[in-house]
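Just so you know, ligand 1 is whichever comes first in the structure, and atom 1 is the first atom listed for that ligand. None of these values were measured; they are calculated from a predicted model.
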Amino acid sequence: MYQVKEAFYTLQGEGAQAGRASVFCRFSGCNLWSGREADRPMAKCTFCDTDFIGTNGINGGKFVTATALAEHIAALWPSQNDNATPYVVFTGGEPLLQLDAALIATLHSHGFEVAVETNGTLKPPPGIDWLCVSPKGSNPLAVTRGDELKLVYPQSGAPPEQFSRLGFRHFFLQPMDLAPLDQAKSTVAEATAYCMANPQWRLSLQMHKLAGFD
Ligand code: SF4
C-alpha cells in the first residue's frame with residue numbers, strides 16, 4: 001500500500017533540474033519527524049516546512065498496487081506533451097520509506113524518468129534515474145553518491161565541507177527559507193558568498209516560491 005499526501009503537475013523549482021515540467025508525488029510520512037508540531041523540538045530534523053501527514057492533499061490517496069499509483073501519476077502528465085520525456089519527482093516526507101523497485105519499473109514502462117528527493121538516510125531501490133540527496137543535520141547518510149547533493153544552508157551539524165568529497169555530480173547550496181525577510185536575505189547572502197569562495201557549489205533558489213507556483 002502506497003500512501004500519497006498529494007500529487008500534482010508543476011515545474012521543478014530547485015537544483016539542476018529547475019524549470020523542468022514534472023509530476024510531483026509527495027509520499028506521506030518521514031523517518032526524521034512525525035510531522036506534528038508538538039514533536040518538533042525532539043525531532044531529528046527540526047526546520048521542515050512541509051505538511052506530509054495523511055493522504056488528504058490534492059490527488060492524494062492510498063494505492064494498493066504499483067500499477068494503480070503509476071496510472072494515477074501518468075494521468076497527471078499532459079497527453080499533448082508528445083516530445084518531452086515524462087518526469088516524476090518523488091518527495092515527501094521521506095520517499096524512500098515507500099518507493100520500491102516495482103513502482104519504478106512500472107513508471108518506466110509508462111515512459112517516465114523517475115527522480116527522488118531524499119534526506120539520504122535510507123538505501124534507495126534500484127532503477128532511480130535522478131537521485132537528489134538533501135542531508136539533514138548530523139543524521140548519518142546511507143547514500144553517498146548520486147546526481148545531486150542539495151544542502152539547505154546554513155544548517156547546524158551539516159557544514160558543506162563535510163559533503164564536498166562525496167560522489168555527486170552536482171553540489172547545490174539552498175539558503176534556509178526563514179522569516180522574517182531580512183533573515184532570509186542574510187541566508188541568501190551567506191550562501192552566495194560560500195559558493196563564490198567554493199566554486200564546486202552552486203546556488204539554488206526556490207524558483208517556485210520566487211515565481212509563485214506550487
Ligand atoms: S527530512 Fe525532509 S520531510 Fe522529513 S522532516 Fe526533514 S525536511 Fe521534512
Taking 4.0 angstrom as the limit and counting only heavy atoms of [X], give me the atoms of ligand 1 inside it, by number and element.
X	result
Trp33	5 (S)
Asn119	1 (S)
Cys30	1 (S), 3 (S), 4 (Fe), 5 (S)
Gly93	3 (S)

Close aromatic pair by centroid cut-off 6.0 Å: [X] and [Y]:
X	Y	value
Tyr153	Tyr194	yes
Phe90	Phe27	yes
Phe172	Trp201	no

Check your understanding: Any idea which protein heavy atom is nearest atom 7 (S) of ligand 1, and the distance to it?
Key ->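 Looking only at protein heavy atoms, the one closest to atom 7 (S) of ligand 1 is Lys136 CE, 3.5 Å.
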Point to revise | Top protein contact for atom 8 (Fe) of ligand 1, by heavy-atom distance | key: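 I find the closest protein heavy atom is Cys48 SG, 2.3 Å.
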Check your understanding: Do Glu14 and Lys209 sit within salt-bridge range, that is, some charged N less than 4.0 Å from a carboxylate O?
Key ->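 So Glu14 does not pair with Lys209 through a salt bridge.
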Review point. Mind checking whether atom 6 (Fe) of ligand 1 has an N, O or S of Cys45 under 2.8 Å?
Key: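 Looking at Cys45, which is the residue asked about, there is an N, O or S atom under 2.8 Å from atom 6 (Fe) of ligand 1.
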Practice item. Validate the cation-pi geometry between Arg20 and Tyr87: distance from NZ or CZ to the six-membered ring centre under 6.0 Å, angle to the ring axis within 45°. Key: yes
Review point. Does at least one non-hydrogen atom of Glu94 fall below 4.0 angstrom from an atom of ligand 1?
Key: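 Glu94 does not count as a contact of ligand 1 under the 4.0 Å cut-off.
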Check your understanding: If you measure only the distance, is there a donor-acceptor pair under 3.5 Å linking the side chains of Glu117 and Gln12?
Key ->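 Yes, side-chain donor-acceptor contact under 3.5 Å.
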